[in-house]
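The basis for the numbers below is simple: all heavy atoms, side chains too, and nothing from hydrogens, waters or symmetry mates. When a ligand or atom number is given, it counts from 1 through the structure's own listing order.
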Amino acid sequence: MKIILALAVVLQVFISNADGYNYKEVVQKSLLFYEAQRSGKLPSDQRVTWRKDSALHDKGANGEDLTGGYYDGSPLLFPAGDFVKFGFQMSFTATILAWGLLDHQKGYEAAGSLSEGRKALKWALDYFLKAHVSENVFYAQAGSGVLDHNYWGRPEDMTEARPTYMINTTHPGSDLAAETAAALAASYLVFKDVNSTYANILLSHAKQLYSFAYKYRGKYSDAFDDIRCCYNSSGYEDELVWGAAWLYRATGDKTYLTYAENEYSTIQYYIGFSWDQKAGGADVLLAKLTGDRKYLTKMKNYCDQMITSQQRTPKGLIFISPWGSLSSTAYVMQVCLETAALGVNAVKYRAEAKKQIDYMLGDTGFSYVVGFGSKYPTHCHHRAASCPDAPAKCDWTQFSTAEPNPHVLTGALVGGPGANDDYTDLRSDYVHNEVATYYNSGFQTVLAALIELGYSSE
Ligand SMILES: *[C@@H]1O[C@H](CO)[C@@H](O)[C@H](O)[C@H]1NC(C)=O
Ligand SMILES: *[C@@H]1O[C@H](CO)[C@@H](O)[C@H](O)[C@H]1NC(C)=O
Ligand SMILES: *[C@@H]1O[C@H](CO)[C@@H](O)[C@H](O)[C@H]1NC(C)=O
């Protein structure tokens, strides 16, 4: 009997190793990355202890406290893993984390990460509650994308001015307000049975932000200049649908479904699912909520097209965007996994999602997640990680040195390879080696879904 048991254990280990990667470990690590991105006063249970309190004076135009939230990590077009709190990226990140915690809670539980996952989400939500200072005023950004990029060093040592930027009735941002409404509505569902008082606060802000978005229309990137360096929005119609779909799911109030359905025909682009493009997410959510075949058919066509005809790298990565190639693919896999969960091509979509994630975790001989596996990025483009501990000096010298980052930015998914699987672990290569909070959110959600399906090696 003992021998059989021992043999079973050996066999199990053998099967596990042959079977792939420990996705649970990756989720645990990914949550550490979120801790490394925290701005404001850090809590006593902070595990990433090389990060300290920072940006403690972030304030609105009338002195409102805007401390907290997440540093984005990295804006497009500028070489510097940055310290701006970009509202649109942060709210999208939060929506996706909430979606995963809600629909793949079992995956988080199996990884032993449910409580840490909720904390990661709450860190963003608490900031949104502060930033939503009155019914039709919401702070969109803290820190200037333009000023921020002249600096290389620790967030704890920043001395540059930290202007803040709002959206309001004369300078609206329907995309930003509706995305934040989506994040808060989805999070209401996550926290409803954890702390109903908190959940109800989230929901009331979600409703206000949505009606602000709906009544006062405009693109947030037309509202103030500073954002144009970094994250222009292509349109707000998709967010109006997506936000309404989440509010309908949270409240069951048919008014929101009507909004979603009416706005649907106004969506101007359909490029799937990304921080700027919410239509793919809205389709799968509306399919789930209404059972309407029209949404499901759209998703089926989209996923089939992505899997069969989209460009691939020679080693098999579905290649969608040269910037943040891995995160772009992860978002698509996320909506295709949700489509699979509705009974569409489940075997095919799940196998593909696993294959894409395994590419990221080491199938090419290299893991694109910092601190995971035996070979991973040691020079990711991230200012804080590139700095030695204070009081040692940290400036552009650290940017240029060929030495590895003194701090391991555990759990961060880097931008990823180019179209030919080309990648060099260079700090200056921000296209391929930057990190961002929103790079990790879809990726982490896919992992939670795969764990729930029983695909983790352990
Ligand atoms: C409304 O927002 C714009 C853009 O951020 C800002 O310039 C303007 O001062 C705001 N208006 C008020 C009354 O605060
Ligand atoms: C529930 O949420 C409310 C509002 O944020 C908070 O004041 C309270 O401390 C929370 N309760 C628990 C048990 O965490
Ligand atoms: C954003 O749009 C403005 C004009 O509306 C343009 O000048 C700028 O280059 C754009 N930025 C990005 C990152 O696309």
Side-chain angles (χ1 to χ4, degrees), residues 43-45 58-66 68 72 74-80 82 84-89 114-116 118-119 121-146 148-149 162-177 180 184 187-206 209 212-213 215-236 268-269 271 274-277 321-324 430-431 434 436 438:
S44 55
D45 62 356
D58 283 358
K59 277 190 182 59
N62 303 303
E64 300 96 337
D65 169 24
L66 294 178
D72 174 59
S74 53
L76 307 173
L77 302 182
F78 280 91
D82 76 275
V84 180
K85 299 192 288 200
F86 286 111
F88 198 43
Q89 310 311 111
L114 182 57
S115 144
E116 297 306 335
R118 285 178 182 153
K119 282 184 198 167
L121 175 59
K122 191 168 187 290
W123 194 262
L125 301 173
D126 288 346
Y127 174 75
F128 300 149
L129 298 182
K130 288 182 182 178
H132 188 206
V133 293
S134 67
E135 208 166 330
N136 298 327
V137 180
F138 181 67
Y139 278 93
Q141 185 177 318
S144 152
V146 178
D148 183 83
H149 297 115
R162 300 268 300 166
T164 50
Y165 305 90
M166 66 170 81
I167 51 170
N168 52 34
T169 54
T170 57
H171 294 73
S174 305
D175 32 22
L176 171 65
T180 312
L184 292 164
S187 301
Y188 159 78
L189 295 169
V190 171
F191 285 99
K192 169 164 83 68
D193 300 324
V194 182
N195 180 338
S196 60
T197 313
Y198 186 62
N200 287 328
I201 294 171
L202 299 177
L203 187 60
S204 73
H205 283 271
L209 278 165
F212 173 38
K215 273 193 225 143
Y216 299 94
R217 301 215 175 178
K219 288 202 289 188
Y220 91 111
S221 45
D222 291 337
F224 58 99
D225 290 341
D226 193 81
I227 191 61
R228 285 172 210 149
C229 67
C230 304
Y231 291 118
N232 281 346
S233 165
S234 63
Y236 55 75
Q268 297 180 16
Y269 307 96
I271 326 179
S274 71
W275 64 267
D276 187 29
Q277 303 285 335
S321 153
W323 278 89
Y430 47 93
V431 173
E434 257 183 336
Y438 77 92

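A side chain to side chain contact (heavy atoms under 4.5 Å, CB included) with S221 is found for exactly one of D276, L176, D226, N232, namely N232.
Every atom of ligand 1 is numbered from 1 in the order shown, and the set under 4.0 Å from a heavy atom of A223 is 4 (C). For ligand 1 and N168, the ligand atoms under 4.0 Å from any heavy atom of the residue are 1 (C), 2 (O), 3 (C), 8 (C), 10 (C), 11 (N), 12 (C), 14 (O).
The closest approach between a heavy atom of C229 and any atom of ligand 3 is below 4.0 Å.
Put simply, atom 9 (O) of ligand 1 has no protein non-hydrogen atoms near it, under 4.0 Å away. Within the 4.0 angstrom cut-off, atom 13 (C) of ligand 1 has no protein heavy-atom neighbours. Protein non-hydrogen atoms do reach within 4.0 Å of atom 2 (O) of ligand 2. There is a protein heavy atom closer than 4.0 angstrom to atom 5 (O) of ligand 1.
Here the side chains of F138 and N168 are not in contact, with every heavy-atom distance at 4.5 Å or above. The side-chain heavy atoms of F191 and L202, taken from C-beta on, include a pair separated by under 4.5 Å. Contact annotation: the side chain of V137 never approaches that of T169 to less than 4.5 Å [non-hydrogen atoms, C-beta and beyond]. Here the side chains of E64 and T164 are not in contact, with every heavy-atom distance at 4.5 Å or above.
Contacts with ligand 1 closer than 4.0 Å are made by side-chain heavy atoms of H171 only, the backbone lying farther away.
Residue N195 has at least one nitrogen or oxygen atom sitting less than 3.5 Å from a nitrogen or oxygen atom of ligand 2, judged on distance alone.
In this structure, F224 and Y220 have perpendicular ring planes: the angle between them is above 60°, well past the 30° mark.
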Tell me, with the steps shown, if F88 and Y231 meet ring-ring contact (aromatic ring centres under 6.0 Å, His included). CA-CA 8 Å; F88 198 43; Y231 291 118; 8.4 Å; no

